[in-house]
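Convention: sequence-line order gives letters A, B, ...; per-chain numbering from 1.
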Protein chains: 2
Amino acid sequence: MTRTSTLDPRSADASVDVTRVAVSTVIFTLRRLPGADAPRVALPLVRRTRDPHEGQWALPGGWLDVAEGLDAAASRTLAETTGLSPSYLEQLYAFGAVDRSPTRVVSIVYWALIRPDEASDDSVENVQWFDAASLPALAFDHNDIVEYALWRLRNKVGYSRIAHGLLADEFTLAELREVYESILDRRLDPANFRRQVENSGTLIPTDRFRTGSHRPARLYRYNQDVELADRGPLGVRQ
Amino acid sequence: MTRTSTLDPRSADASVDVTRVAVSTVIFTLRRLPGADAPRVALPLVRRTRDPHEGQWALPGGWLDVAEGLDAAASRTLAETTGLSPSYLEQLYAFGAVDRSPTRVVSIVYWALIRPDEASDDSVENVQWFDAASLPALAFDHNDIVEYALWRLRNKVGYSRIAHGLLADEFTLAELREVYESILDRRLDPANFRRQVENSGTLIPTDRFRTGSHRPARLYRYNQDVELADRGPLGVRQ
DNA sequence: CCAAAAGTGTTATGGCTACACCCATGC
DNA sequence: GCATGGGTGTAGCCATAACACTTTTGG
């Protein structure tokens, strides 16, 4: 492959009048704040160290490499900027307004879920976790993007089983219910929730129990035969 | 704005090692075939006149201009290649597999609906309407893309009111039901369909009736106050 | 024993489905 | 009149919601 340096789409030369393709990801997890009872939706942001919006917080991402697919680019840029590899990753939307950046950038945005234990806090430089409900002013149009991702998350939790992407392998029904309650921001009836999820066939009961408080709760595993979400005819393409 | 000709992303020079951004659209309409009872889902394809897959049928589209948003590019390329302007247009997915084209192309794909009366057949050169259920082998990964768009169409018709995008301003309940039946490929109970759609509050009854066969059927209009589909916090952005 | 969460049972409600039935028009 | 689609009524079914109730642990 020949590559002329001046044509490298990853160069930050603003005088070059081309459209560049970036890939960003909105990663959600649940965080239990010290004083709070219910966990909250949180996401990691990266402090920008370069000119457009330098110093402001932005979604993790990077330029699309000429020799990699979109999904691969999302995974790679995510790992490079935050060190995270999500349990669930799905394309969200392509943002391409002319004025969303000083230079012309089309961003293919992904959204992802990560288990709380995988969200290694206080590790990588320039990365910080924020409460999704109270974000600062982000770089570019990233506030809008997060808002849209949150909408998709709340929507999708209603008709698919993505909530499992926020839990460890084994979990109690109360923990699963807590995930739904945090995302939907309303209480669910424990009795009805149990029956719904039991009848869905997505859970496998184990012989183990979570002890420590009151009556022990049975631990469940996720039934891998049932997909997290119906993505239609799109498989692991890209 | 300065533009170096060799950097023009719209040039078809395959030796230039950059990622170019294209915009394509899957446009659906309903066509009543001569001998058939029920209308069928149909879409227009464009015969390729250039090298990659020359002579094969492909989705209408074109290169993204540096100074236009994604939605605008979809509308423009659609009008340029087919002369159509849809009643409903929504982003579908960004396709960016490395091997989907000889040169690296990321395609932002839209899907659209058009009313049968607007689908001016036999007009534009190199454009032909195909039955969505029996397509030939298309250029690039366009067969997969159409399959995904059909999946989205069938999904979305279940929880939104996009079916109106395939009808004229005034229509009978039987005509609206026929749209649903064609997309979902199954019969719906006329009585239950009537009640469902009446209770949804999306229809405004008029004083006019469709005559010509048997008992006249009341004509309805679409209630503009209710959106065709909930797109979440994304408005008319781009 | 008591508090609290785990887990079960029961009833009401509302939407959907199936289908019987009446209405109005063309022929 | 009669065939046909327009339009209404109704009973069964099933998922959900609300909530009373029992069970099992920690303290």
Side-chain angles (χ1 to χ4, degrees), chain A residues 32 36-39 154-161 163 167-168 170-221 226 230, chain B residues 30 32 36-39 154-161 163 167-168 170-221 226:
Chain A
R32 193 178 299 275
D37 46 345
R154 294 199 184 97
N155 254 335
K156 201 140 196 174
V157 89
Y159 65 87
S160 73
R161 300 296 151 199
L167 287 174
E170 297 194 338
F171 48 86
T172 67
L173 288 182
E175 290 164 355
L176 181 60
R177 178 166 48 85
E178 201 175 41
V179 172
Y180 280 85
E181 290 180 338
S182 297
I183 295 174
L184 300 175
D185 199 28
R186 62 186 178 93
R187 313 293 292 183
L188 301 173
D189 186 293
N192 296 328
F193 181 81
R194 163 182 299 273
R195 273 183 293 258
Q196 276 187 19
V197 79
E198 272 178 349
N199 293 338
S200 72
T202 53
L203 291 194
I204 301 171
T206 70
D207 294 336
R208 313 209 303 132
F209 290 82
R210 171 98 69 229
T211 56
S213 72
H214 312 296
R215 177 173 173 176
R218 184 179 292 277
L219 289 172
Y220 290 81
R221 282 190 302 107
V226 187
D230 185 6
Chain B
L30 291 181
R32 194 176 299 276
D37 45 347
R154 294 198 185 100
N155 254 334
K156 201 140 195 175
V157 89
Y159 65 88
S160 73
R161 300 296 150 201
L167 286 173
E170 296 194 339
F171 48 87
T172 67
L173 288 182
E175 290 164 355
L176 181 61
R177 178 166 47 86
E178 201 174 41
V179 172
Y180 280 85
E181 289 179 339
S182 296
I183 294 173
L184 300 174
D185 199 29
R186 64 188 177 92
R187 314 293 291 184
L188 301 174
D189 185 294
N192 297 329
F193 181 82
R194 161 181 301 272
R195 271 182 295 257
Q196 277 187 19
V197 78
E198 273 178 347
N199 293 337
S200 72
T202 53
L203 291 193
I204 302 170
T206 70
D207 294 335
R208 313 210 304 132
F209 290 83
R210 172 96 70 228
T211 56
S213 72
H214 312 296
R215 175 174 173 178
R218 184 178 293 276
L219 289 171
Y220 289 81
R221 282 189 301 109
V226 188

A:R194 side-chain N/O to C:dG7 phosphate OP1/OP2 under 4.0 Å: yes
Among [options], find the nucleotide with the atom closest to the side chain of [X].
X: B:R177; options: D:dG9, C:dT8, D:dG6; answer: D:dG6
X: A:H214; options: D:dG6, C:dA5, D:dA18; answer: C:dA5
X: A:R215; options: C:dT17, C:dA6, C:dA4; answer: C:dA6
X: A:N192; options: C:dA24, C:dA4, D:dC19; answer: D:dC19

If I take atom [atom1] in residue [X] and atom [atom2] in nucleotide [N], what distance separates them, rounded to the nearest angstrom?
X: A:Q196; N: D:dA18; atom1: CD; atom2: P; result: 12 Å
X: A:L176; N: C:dA5; atom1: CG; atom2: P; result: 18 Å
X: B:E198; N: D:dG9; atom1: CD; atom2: P; result: 11 Å
X: A:D189; N: C:dG7; atom1: CG; atom2: P; result: 14 Å

Derivation of the side-chain contact (heavy atoms from CB on, under 4.5 Å) call for B:R32 and B:L30: CA-CA 7 Å; B:R32 194 176 299 276; B:L30 291 181; over 6 Å; no
B:F171 side chain near B:L203 side chain, heavy-atom distance below 4.5 Å: yes
Touch class at under 4.0 angstrom, heavy-atom based, for A:A174 against every strand present: sugar-phosphate
Sugar-phosphate only, base, or nothing, as touched by B:R218 at under 4.0 Å among non-hydrogen atoms: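 B:R218: backbone/sugar contact only, no base atoms under 4.0 Å.
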